[in-house]
Asks: 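Quick one: structure below, then a few questions.
Everything quoted here is computed from the prediction, not taken from an experiment.
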Amino acid sequence: MSGTIECTFEGNFFGVLWYNSTDFAIKEPTVTLFGTQKGGTGFHSGEFNVHFNGSLVINNVTLFHEHSFYVSKFTSQDEDPISISVEVIVTVKSPTSFPVINFCHERNICLTSIPPQSTINCTVSNSRPPVTLIWLIRTSLGDKLVATENYKKQNGQLYSTYIITSDAFLYSSGISLLVCKTNNTFGVIEKDESSILVQNINYDLTVSPLITKYLIFNSTMELLCNKTEISFLVWKKSSAFGHYYHDILYAIFVKEFATNVYLHSYVMGNDGSLIVSRVGLEHEGFYSCLHGDGTSDGMTNYRVHVYVSPSPLHPIVDGCNRRQHCVLEIKEEGNLTCSVSGIRPEIQLEWKADDSSETIKFIDHNLTVIENGESFDVTLISRYRVSTDDLPGRVTITCKTAGPGSELFNGETSVTLLLSAKKRRQLLNQMKRKYENLYQGVRPVPFLRDKLVSVNTLFVDTDMVYFSSDGRDTGNILHSYQDLLDGTKIKSRRLILEGEPGYGKSTLILQLAYDWCNKVKESPMCMVDVFVLLRLRQLSGVQSIFKAIQQFILPKDSSLDEEDIRLILCGSSSVMIVLDGFDEYPDKDVDTESDFKAIIMRNMFQTCKVILTTRTNCLPKEFAPQTERIMLSGFNKRARRQYIRKTVVEKDDIDDEQLETQLERNPVLSDLCQVPLFFVMYTHIFYDKKEINFNSVTNFFEYIITCCHSHMENKMGDLNTAQYDFFATKHEELDKLALEGLAGADHNLSWRKDDLYERLGATFFDKYIRVGILVEEDISMSDLLRKSTKIKFYHKLFCEWYAAHELSREIRRVEKAGIDVERVETQSKNVRELLDKFDPFDVQYLLRFTCGLSSNAGRTIIQYLNERAYSDRILILCILECGDENETVIKVVKRLCMDGIVISNGNTALLKRSKIHLLEMASINKVRKN
């Protein structure tokens, strides 16, 4: 290869002469340069060349060129030249680019482990001229020279240099950084130093205490090497503390940073910490970080455990439902089994009792551990014995992890053991006696107060329409109440049972209670362990379902407390809860959280069957999305016939066709008798007085009220009943009370007994209680410490009947205002504000009764409904009820005819008749349709 003797000649020069010898006086110049003219024997032979700046170029350098050259520079032709001698040394680069340390093979930085006094050699081979090597120990304070032995060897025209030391641990006993350095004067090697990080193979790695680390599977591992600044370090790992370590990585921070990682899953942090981003089971073991600064060293040791959380996170006790508090009913002696699955490290299990009476003793334990891949399945089967000397109702025990590694897992499972079935039997028996009082005390009609029957003797199935949770009609019809529960047609565990007042929602629920109490084999209720029936109207201010059960189902002298009830319910495999009458629930619009709202939302008793009954279109603001809706469709011909055969007509004298014939002749009755309550009332009237007939719902209900009073008068016999007769028609204060309840913001239709007693008067109150129009009921007080007796109407329809009397009076007060314009406007405004408080769909009978009681009041109602553009169906029924063809009614009829009156097969007989009646009125009054 070529080489250049670089020369710098200041200023301009006339010529340059190069001589391939210092004996220039007797030799010709080898190369000449004058201006741009080159010459000389060496130039012409091709051995040499010259740059225009005067530098000599040797086109192919050989060892023959290693001698002195002479150069003369002429500034001008007339001046003497300036001459200098140039010594040329021919260099040969070593075939390696760095000094080679025997333990490092082809790397200039490496790590090794050797015993003390071991020799380490460093070599630069086949170079020219030979280099000088030294061994240094690198420290944080600088490099320190180490005693060495130097050797040089000539191989032809090339040289090899060797240097040896055995003082690697001169300043530190555990780890040292040695540097082999060359003077590299002539650039015969690219890197002038190589380093070797030396570990003392006999260094005791256990001198430093062991730090234990527990890491969850797939988490990040970060082990700190040393808190203070260090110059170099080595991370090592072993499966046994102090033995058979293998290197993970090393790092050098002093002078020039260098690092090398041997295992790909590890990385080093900026502070020298050892990091694994997703720790696995293969990362378990012992880790050591050997670190130093050249004059001292240190050691940090870790033991790393990788643990795997079990699934589920807590122990499982056989017989428990993980989703709710566990209650187990046990015998005096038996086995309890607890287990965890998929856990690491291998742990133990143990039972702990929470009482100090030693009620339960464990007499034998069998712990089984099964290795399942990289985790373990642990099962503890324990034999227990219960002490019967002092047997409490229950005791709580806990299954928890134990032994080494158990502190990693906080999961434990507490189990309440019912050490006797006594309390469970007590609860069920007390519930059944309460329900028996309910289903055995059914009064079909209020005027038959002395006739109490079992629900099973009068209940008949009615068709039910099946809606999805979003209110869509699925097109499915259920023909039996058992379809609600058998799981074949309805899969959801949350049901809303809807129906208008009088459609038999509560009667159906009582039939369920009958089936459960009597374990009717044909009924799905026989599969229910615990049946809870709560009437929501009683639960004002009650937030706990367990408190409600204790207060309204169990007897006053029951020894069971709320905790007993909770444990039994939570420990039962099949629980059914019925919340009856959401439309009458005093707290339905209260934002306070309660168990009942949590149950409706399926945030409590999630696996239990829950039925919520309510009036049509009076649904909770929120309910579980899995909830299905069922709507009672009333009595059809099949249901009516079944009721007659079951409750009224003797088997040997069946004559149920008479009533059906009567209904077919009278559309008003036919429509009314679709409502089960009305049908039951009419049935008992019909078979007592077959000739009676009605042309409006008002006539019908007026007769019902008359029957209630006359029946009581007959029972009073020879007692003085004159005052009772008076109160049958004079009931203004009761009318006001009913209207206030319906128009109130909270629609409260029950009143405290003492308040009502004072407001109505003792005689009036007693009469209406005896008649059965008013009934007593226990309701929760807001302080939850006691119950209060409240009074409500036998049925909401009775409340609407009496409220209609007061509403008609309010309307008549407008008429009585006469010509006093201001007074008329005030009274009219009051009436409209009052009507605005009602939802016509909710109080359609109030409006219809009002129209039937007073045609003038009916005119106001009809005008109001027409202006508000409410349902034409209610408007048409009110017109039929009014029976008056006044100017207001004719205007409404004209508007209905202009919009078009459609008579379809889907209309009830009464609605068809009402529409025909409208057309007749339009014809008589010559109403024309454009």
Asks: Would you please test His67 and Asn20 for side-chain hydrogen bond (donor to acceptor under 3.5 Å, both in side chains) and show each step?
Replies: CA-CA 9 Å; His67 55 76; Asn20 191 7; 2.9 Å; yes
Asks: Ring centres of Phe13 and Phe74 under 6.0 Å apart?
Replies: no
Asks: With a sphere of 6.0 Å drawn around CZ of Arg383, does it hold more than 12 non-hydrogen atoms of other residues, nucleotides or ligands?
Replies: yes
Asks: Judged by modelled atom types alone, do His291 and Glu229 share a side-chain donor-acceptor pair under 3.5 Å?
Replies: no
Asks: Would you call the rings of Phe69 and Phe48 parallel, tilted or perpendicular, where under 30° means parallel and over 60° means perpendicular?
Replies: perpendicular
Asks: When rounded to the nearest 0.5 angstrom, what distance separates CG in Asp293 from OG in Ser140?
Replies: 4.0 Å
Asks: SG/Cys7 to CG/Leu56 distance, rounded to the nearest 0.5 angstrom?
Replies: 8.0 Å
Asks: For Tyr262 and His246, I'd like to know if the aromatic rings sit close, meaning centre-to-centre distance below 6.0 Å.
Replies: no
Asks: Evaluate Ile134 against Leu136 for side-chain contact (heavy atoms from CB on, under 4.5 Å), listing each step before the verdict.
Replies: CA-CA 7 Å; Ile134 58 174; Leu136 302 169; 4.0 Å; yes
Asks: Which is it for Asn53 and Ser55 under the side-chain hydrogen bond (donor to acceptor under 3.5 Å, both in side chains) test, yes or no, and what are the steps along the way?
Replies: CA-CA 6 Å; Asn53 66 355; Ser55 297; 3.2 Å; yes
Asks: May I ask you to decide if Thr41's main-chain N or O and His44's side chain share a donor-acceptor pair within less than 3.5 Å?
Replies: no
Asks: At their closest point, which heavy atom of Phe362 faces which heavy atom of Leu336, and how far apart are they?
Replies: CE2-CD1, 4.0 Å
Asks: Is there a side-chain contact between Thr379 and Leu367, using heavy atoms and a 4.5 Å cut-off?
Replies: no
Asks: Take atom CD in Glu79; do more than 12 heavy atoms of anything else shown fall under 6.0 Å from it?
Replies: yes
Asks: Any side-chain heavy-atom pair from Val415 and Thr396 closer than 4.5 angstrom?
Replies: no
Asks: Measure the shortest side-chain to side-chain distance between Glu412 and Thr401 over non-hydrogen atoms and say whether it is less than 4.5 angstrom.
Replies: no
Asks: Is the NZ or CZ atom of Lys144 both under 6.0 Å from the centre of the six-membered ring of Tyr171 and within 45° of that ring's axis?
Replies: yes
Asks: What's the verdict on side-chain contact (heavy atoms from CB on, under 4.5 Å) for Leu210 and Tyr302, showing C-alpha distance, side-chain angles and the deciding distance?
Replies: CA-CA 5 Å; Leu210 195 62; Tyr302 292 93; 5.6 Å; no
Asks: Going through the distances and angles, do Thr30 and Trp18 end up as a side-chain hydrogen bond (donor to acceptor under 3.5 Å, both in side chains)?
Replies: CA-CA 6 Å; Thr30 304; Trp18 280 97; over 6 Å; no
Asks: Quick one: do His305 and Leu215 satisfy side-chain contact (heavy atoms from CB on, under 4.5 Å)? Show the steps, please.
Replies: CA-CA 6 Å; His305 294 281; Leu215 302 173; over 6 Å; no
Asks: Side chains of Val90 and Val61: does their closest heavy-atom pair fall under 4.5 Å?
Replies: yes
Asks: If only atom types and distance count, is the side chain of Ser176 paired as donor or acceptor with the main-chain N or O of Ala168 below 3.5 Å?
Replies: yes
Asks: Under the 3.5 angstrom rule, does the side chain of Ser72 hit a backbone N or O of Ser83 as a donor-acceptor pair?
Replies: no
Asks: Is it true that the side chains of Trp135 and Thr148 contain a donor and an acceptor less than 3.5 Å apart?
Replies: no
Asks: So which heavy atom on Cys122 is nearest to which on Leu133, and how close?
Replies: O-CD1, 3.7 Å
Asks: Taking Gly272's backbone N and O only, do any of them form a donor-acceptor pair with Trp235's side chain (distance below 3.5 Å, no angle check)?
Replies: yes
Asks: To the nearest 0.5 Å, how far apart are CG in Asn126 and OG in Ser160?
Replies: 4.5 Å
Asks: I need the single residue from Thr32, Val31, Leu33 that forms a side chain to side chain contact (heavy atoms under 4.5 Å, CB included) with Lys38. Which is it?
Replies: Leu33
Asks: Indicate the atoms forming the closest heavy-atom contact of Phe232 with Gly294, along with that distance.
Replies: CZ-N, 3.3 Å
Asks: Could you tell me whether the side chain of Thr96 and the main chain of Phe98 form a donor-acceptor pair under 3.5 Å?
Replies: yes
Asks: Look at Glu282 together with Lys237 and state whether they make a salt bridge at an N to O cut-off of under 4.0 Å.
Replies: no
Asks: May I ask you to check whether Asn226 and Thr228 show a side-chain donor-acceptor distance below 3.5 Å?
Replies: yes
Asks: State the CD1-OG1 distance between Ile381 and Thr368, to the nearest 0.5 angstrom.
Replies: 6.0 Å
Asks: Is the side chain of Asp297 donor-acceptor paired with the backbone N or O of Gly174 at a distance under 3.5 Å, no angle test?
Replies: yes
Asks: Sub-3.5 Å donor-acceptor pair from the side chain of Thr91 to the main-chain atoms of Val188, do we have one?
Replies: no
Asks: Quick one, Asn202 and Pro116 - any side-chain contact, counting heavy atoms below 4.5 Å?
Replies: yes
Asks: Applying side chain to side chain contact (heavy atoms under 4.5 Å, CB included), name anything that partners Ile82, two or more places apart in sequence or on another chain.
Replies: Lys73
Asks: Mind checking side chain to side chain donor-acceptor pair (under 3.5 Å) for His51 and listing every partner two or more places apart, or none if nothing turns up?
Replies: none
Asks: Closer than 3.5 angstrom, by distance alone: can the side chain of Glu149 be matched with the main-chain N or O of Ile164 as a donor-acceptor pair?
Replies: no
Asks: Any side-chain heavy-atom pair from Thr398 and Thr413 closer than 4.5 angstrom?
Replies: no
Asks: Within a strict 4.5 Å, meaning less than it, do heavy atoms of the Ile230 and Cys225 side chains meet?
Replies: yes
Asks: Between Thr182 and Val131, is there a donor-acceptor pair closer than 3.5 Å when you use the side chain of the first and the backbone of the second?
Replies: no
Asks: To the nearest 0.5 angstrom, please state how far the CD1 atom of Ile175 sits from the CG atom of Leu233.
Replies: 7.5 Å
Asks: Can you find a side-chain donor-acceptor pair between Glu87 and Ser68 that sits under 3.5 Å?
Replies: yes
Asks: Could you check whether atom CD of Glu407 has more than 12 heavy atoms from other residues, nucleotides or ligands sitting under 6.0 Å from it?
Replies: yes
Asks: If you draw a 6.0 Å radius around CG in Asn183, do more than 12 non-hydrogen atoms from other residues or ligands fall strictly inside?
Replies: yes
Asks: Would you say Asn59's side chain and Gly46's backbone share a donor-acceptor pair under 3.5 angstrom?
Replies: yes
Asks: Answer yes or no: is there an ion pair linking Lys213 with Glu222, defined by an N-O contact shorter than 4.0 Å?
Replies: no
Asks: What do you reckon, is CZ of Phe64 surrounded by more than 12 foreign heavy atoms closer than 6.0 Å?
Replies: no
Asks: Hey, is Glu256 close enough to Arg138 for a salt bridge, meaning N to O under 4.0 Å?
Replies: no
Asks: Can you confirm whether Phe257 sits close enough to Thr259 that some side-chain heavy atom of one is under 4.5 Å from a side-chain heavy atom of the other?
Replies: yes
Asks: Around atom NZ of Lys352, are there more than 12 heavy atoms of other residues, nucleotides or ligands at under 6.0 Å?
Replies: no
Asks: Would Gln199 and Asp247 satisfy side-chain contact (heavy atoms from CB on, under 4.5 Å), going step by step from the backbone distance to the final call?
Replies: CA-CA 11 Å; Gln199 304 174 87; Asp247 299 324; 3.6 Å; yes
Asks: How about Phe286 and Tyr245: are their ring centres within less than 6.0 Å of each other?
Replies: no
Asks: Measure the spacing between NE2 of His283 and CZ of Phe217 and express it to the nearest 0.5 Å.
Replies: 10.0 Å
